[in-house]
Novice: 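Before I ask anything, here is the structure I am working with.
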Amino acid sequence: MAFTILLSVALTIFSILVFRNINSRPSSRLPPGNTGWPILGETLSYIPNPAKFISDRMKMHSRDIFQTSLAGEKMAIFCGASGNKFIHSNDSKFKMWLPRTVIDILGLTNIDSNSPPWKLFDEQLHKFLRLESMQHYVPIMDTKVREHLEMHWMPFKEVKVLPLSKEFTIFLFCHLVLNIYDSDQVKELATPYNNLVKGLMSVPINLPGTTYNRAINASKVVREKLLELVRKRKMEVLAKKDYVNFDGLDFLGGLLRASIEGGDIISEMELVGKIIAFLFAAFHTTGNTITFLMAHLAEYPDVYAKVLQEQLEIAQSKEKGELLSWKDIQRMKYSWNVVCETMRLRPPALGGFRELATDVHYGGYTIPKGWKVHWSAYSTHMDPIYFPEPERFNPSRFEENHARGVYVPFGSGPRMCCGNQYARMKILVFLHNVVIRFRLSKVNPNERILYTPDPVFVDGLRIRLDSQNE
Ligand code: HEM
């Protein structure tokens, strides 16, 4: 009896050791790491704290690359500046890939970036977002921020920044991209859109009450509303009505015109899916950055004072009522360093995903074709090798440039975020208007941050506002 127990204990220990070795020995040629539970993989460890997930595994397995399983897929996580550079400069080895949950919830019917509908959409998108076009939007953004603050900030002593910055983001997007001016129509989109976003990185269990199920239902509502809008707009374009606004710079009208002229290149449903994905790219990224930026201004009075000085110099150089211009944005150098430091500590986009189009050899390992790949901004942003005392908020880090692959909130290479100028302008215009009007303090200095996997303040970041004139 005793011998049987001893034998089974020995066999168990032996099989654990063999299993661990298979997973972690470099000679296995696969990157070291664990794939966790069936289906769930290590998703439930990743979502509550992606920064910790990455740094723990870099310490445990390798600083260059490790394997895991996220969103139901085997995945290699490339780490450090070299890992980022490898992915960003070898685009032909990778295909576009998004987790199944994201594809289902966004309702993307096709993610082949070489297909004609994608090519057309991307071409129009890059045309719309390029700096030469974008810089004309600065005064429009300024007008919209002023209106937003007058309505939602000025009458109050206290605000919740996160929901307001998201609301503003969706309003601005609807105005500039979709040509929607009616605020009730925007609100009808905003509420289900918020639920949709919450499910993007959820566990894909489609049962009543789950986050995923709520997101799928919300996605149907958003798609119906957008479909109605696209159809209406298409009729206007076909009727050759005036379908452009803001000096001829409207996105949806231009895209529909190009699609119709090419023989209906992009179907209505495909277009709806792409618009939802485009809105997602702009929505939580800039909304979160504005929120953490406000938190930092409230927490660091010395930083706030320097930002205020820079912004007052700009405000005082203008005529009464004159709107901000692209030139003013270029003068906001210190303020931009503060935004950069905010995005270092809280990367708004986490990173990017790909699928391997071929076997790839990296760091002494082979990653097979078909595996999914993730690069994470946390693997460099929070590494003391690149950023000494990484937890400390210190905007002066950005007085000097960083080596390639180190600071990557927008990614880099051919798939770098094409909305980076839009984001920069919008965030700086918002910052300008807030600091010249208000002094900020946190209502609850200990308000906790949760990861979803994006970091969010549990109570939306409650900020007390004191007028600059008091
Ligand atoms: C602080 C704000 C933002 C950050 C940090 C950010 C970051 C990123 C990152 C990291 C990627 C993925 C790159 C990759 O996969 O390697 C990306 C992609 C993208 N972003 Fe942004 N983004 C921001 C705002 C915006 C805005 C405002 C827009 C649009 C108005 C936008 C549009 C896009 C698009 C369309 C893509 C896909 C690019 C492609 O695959 O070619 N982003 N962004």
Side-chain angles (χ1 to χ4, degrees), residues 50 77-78 83-91 93-99 102 106 108 111-114 118-131 133-134 137 140-141 165-166 168-178 249 251-252 255 273-293 336 338-355 372-381 405 407-431 454-455:
I77 314 259
F78 283 63
N84 292 341
K85 275 192 290 187
F86 184 82
I87 294 185
H88 297 152
S89 56
N90 284 289
D91 202 46
K93 293 187 167 61
F94 302 98
K95 288 197 283 190
M96 164 104 179
W97 179 80
L98 290 168
V102 176
L106 296 185
L108 292 171
I111 61 159
D112 174 6
S113 50
N114 288 318
W118 265 80
K119 277 193 167 158
L120 179 74
F121 192 93
D122 284 355
E123 192 185 286
Q124 292 290 319
L125 190 62
H126 283 82
K127 208 161 118 189
F128 173 71
L129 290 172
R130 68 181 172 210
L131 182 58
S133 336
M134 265 301 121
Y137 284 85
I140 300 163
M141 288 181 178
S165 65
K166 287 195 168 168
F168 175 67
T169 300
I170 206 160
F171 266 82
L172 190 69
F173 184 92
C174 285
H175 284 304
L176 299 187
V177 177
L178 305 178
L249 296 171
F251 172 74
L252 182 59
L255 174 64
K274 292 286 284 172
I275 291 172
I276 298 178
F278 179 24
L279 174 55
F280 173 67
F283 179 67
H284 79 125
T285 48
T286 49
N288 268 9
T289 306
I290 286 175
T291 307
F292 279 102
L293 182 61
W336 183 239
V338 176
V339 180
C340 288
E341 179 65 342
T342 300
M343 293 194 292
R344 179 187 70 80
L345 280 163
R346 306 282 175 197
L350 302 180
F353 293 99
R354 311 275 190 274
E355 180 180 317
K372 311 304 179 267
V373 164
H374 178 41
W375 68 267
S376 165
Y378 284 118
S379 87
T380 49
H381 286 198
Y407 179 64
V408 283
F410 294 108
S412 72
R415 289 186 200 262
M416 182 178 170
C417 172
C418 50
N420 64 355
Q421 291 299 342
Y422 179 115
R424 178 179 170 204
M425 289 169 199
K426 183 189 142 188
I427 294 165
L428 288 174
V429 169
F430 202 94
L431 171 67
D454 295 306

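Small disclaimer: the values here were computed from a predicted structure and weren't measured. Each ligand, and each atom within it, is numbered from 1 in the order the structure gives.
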Novice: Is the distance between the ring centroids of Tyr137 and Phe128 less than 6.0 Å?
Specialist: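 Centroid separation for Tyr137 and Phe128: below 6.0 Å.
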Novice: Counting distance only, does the side-chain N/O of Thr169 pair as donor-acceptor with the main-chain N or O of Ala282 below 3.5 Å?
Specialist: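 Here the side-chain-to-backbone pair does not exist.
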Novice: Out of Ala281, Pro348, Gly352, Ala349, whose heavy atom sits nearest atom 32 (C) of ligand 1?
Specialist: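 Shortest heavy-atom distance from atom 32 (C) of ligand 1: Ala281.
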Novice: Give the minimum heavy-atom separation between Leu345 and Tyr378, together with the two atoms involved.
Specialist: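 Looks like O-CE2, 4.1 Å.
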Novice: Give the numbers and elements of all ligand 1 atoms closer than 4.0 Å to a heavy atom of Phe278.
Specialist: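 Heavy-atom distances to Phe278 below 4.0 Å select 29 (C), 30 (C).
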Novice: Number the atoms of ligand 1 from 1 as they appear, then name those within less than 4.0 Å of a heavy atom of Tyr422, with their elements.
Specialist: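 Answer for ligand 1: 27 (C), 30 (C).
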Novice: May I ask which of Ser412, Ala282, Gly413, Pro347 has a heavy atom nearer to atom 26 (C) of ligand 1 than the others do?
Specialist: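 Minimum heavy-atom distance to atom 26 (C) of ligand 1 goes to Ala282.
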Novice: Are there protein heavy-atom neighbours of atom 37 (C) of ligand 1 below 4.0 Å?
Specialist: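 Under the 4.0 Å cut-off, atom 37 (C) of ligand 1 has no protein heavy-atom neighbours at all.
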Novice: Quick one: are Met343 and Tyr407 in side-chain contact, heavy atoms under 4.5 Å?
Specialist: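 Sidechains of Tyr407 and Met343: in contact.
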Novice: How would you list, by chain and number, every residue that makes a ring pair (Phe, Tyr, Trp, His ring centres under 6.0 Å) with Phe292, sequence neighbours excluded?
Specialist: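 Here the qualifying residues are Phe457.
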Novice: Before we go on, tell me: are the rings of Phe78 and Trp375 under 6.0 Å apart, centre to centre?
Specialist: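 Between Trp375 and Phe78, which both carry aromatic rings, the centre distance is not below 6.0 Å.
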Novice: For Trp375 and ligand 1, does the shortest N/O to N/O distance drop below 3.5 Å?
Specialist: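 In this structure, Trp375 places an N or O atom under 3.5 Å from an N or O of ligand 1.
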Novice: Does some non-hydrogen atom of Phe173 fall short of 4.0 Å from ligand 1?
Specialist: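 The answer is no: ligand 1 sits nowhere under 4.0 Å from a heavy atom of Phe173.
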Novice: Where's the contact between Phe410 and ligand 1, heavy-atom distance under 4.0 Å: side chain, backbone, both or neither?
Specialist: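 The part of Phe410 near ligand 1 is both the backbone and the side chain.
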Novice: For atom 24 (C) of ligand 1, what is the closest protein heavy atom, and at what distance to 0.1 Å?
Specialist: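 Checking every protein heavy atom, the shortest distance to atom 24 (C) of ligand 1 gives Thr285 OG1, 3.3 Å.
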Novice: Assess whether side chain to side chain contact (heavy atoms under 4.5 Å, CB included) is satisfied between Phe278 and Leu129, documenting all intermediate values.
Specialist: CA-CA 12 Å; Phe278 179 24; Leu129 290 172; 4.2 Å; yes
Novice: Output all residues satisfying ring pair (Phe, Tyr, Trp, His ring centres under 6.0 Å) with Phe171, sequence neighbours left out; order by chain, then residue number.
Specialist: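 Per chain and number, Phe171 pairs via ring pair (Phe, Tyr, Trp, His ring centres under 6.0 Å) with no residue.
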Novice: If hydrogens are left out, which of Thr289, Thr169, Asn420, Thr342 has an atom nearest to atom 1 (C) of ligand 1, that is, the closest non-hydrogen atom?
Specialist: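 Ranked by closest heavy atom to atom 1 (C) of ligand 1, first place is Thr289.
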Novice: Under the criterion side chain to side chain contact (heavy atoms under 4.5 Å, CB included), I'd like the reasoning laid out for Lys274 against Leu106: C-alpha separation, chi angles, the key distance, then a yes or no.
Specialist: CA-CA 8 Å; Lys274 292 286 284 172; Leu106 296 185; over 6 Å; no
Novice: On a heavy-atom basis, I'd like to know which of Lys426, Arg415, Met96, Arg346 is closest to atom 41 (O) of ligand 1.
Specialist: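 It is Arg415 that holds the nearest heavy atom.
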Novice: Does Leu125 approach ligand 1 within less than 4.0 angstrom via side chain, backbone, both or neither, non-hydrogen atoms only?
Specialist: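 Near ligand 1, Leu125 shows its side chain, while the N, CA, C and O stay back.
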Novice: Is Cys418 close enough to atom 21 (Fe) of ligand 1 to have an N, O or S atom under 2.8 Å?
Specialist: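 Not a single backbone or side-chain N, O or S atom of Cys418 is under 2.8 Å from atom 21 (Fe) of ligand 1.
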Novice: At a 4.0 Å threshold, what atoms of ligand 1 neighbour a non-hydrogen atom of Met343?
Specialist: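 Taking each heavy atom of Met343 in turn, ligand 1 has 1 (C) under 4.0 Å.
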Novice: Taking the six-membered ring for Trp, is the centroid-to-centroid distance between Phe121 and Phe251 below 6.0 Å?
Specialist: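 Phe121 vs Phe251: aromatic centres under 6.0 Å.
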Novice: Please check this pair: side chain of His381 against backbone of Val408, looking for a donor-acceptor N/O pair closer than 3.5 Å.
Specialist: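 Looks like yes, one N/O pair under 3.5 Å.
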Novice: I need the nearest protein heavy-atom contact for atom 28 (C) of ligand 1: residue, atom name and distance, please.
Specialist: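 Here the closest protein heavy atom is Gly419 CA, 3.6 Å.
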Novice: Tell me, which protein residue and heavy-atom name are nearest atom 10 (C) of ligand 1, and how many Å apart are they?
Specialist: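 Residue, atom and distance for the closest contact: Pro409 O, 3.3 Å.
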Novice: Can you tell me if Arg354 contacts ligand 1 (heavy atom of the residue under 4.0 Å from the ligand)?
Specialist: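 Contact present.
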Novice: Can you pull out the closest protein heavy atom to atom 21 (Fe) of ligand 1? Residue, atom name and distance to 0.1 Å, please.
Specialist: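 Atom 21 (Fe) of ligand 1 sits closest to the protein heavy atom Cys417 SG, 2.3 Å.
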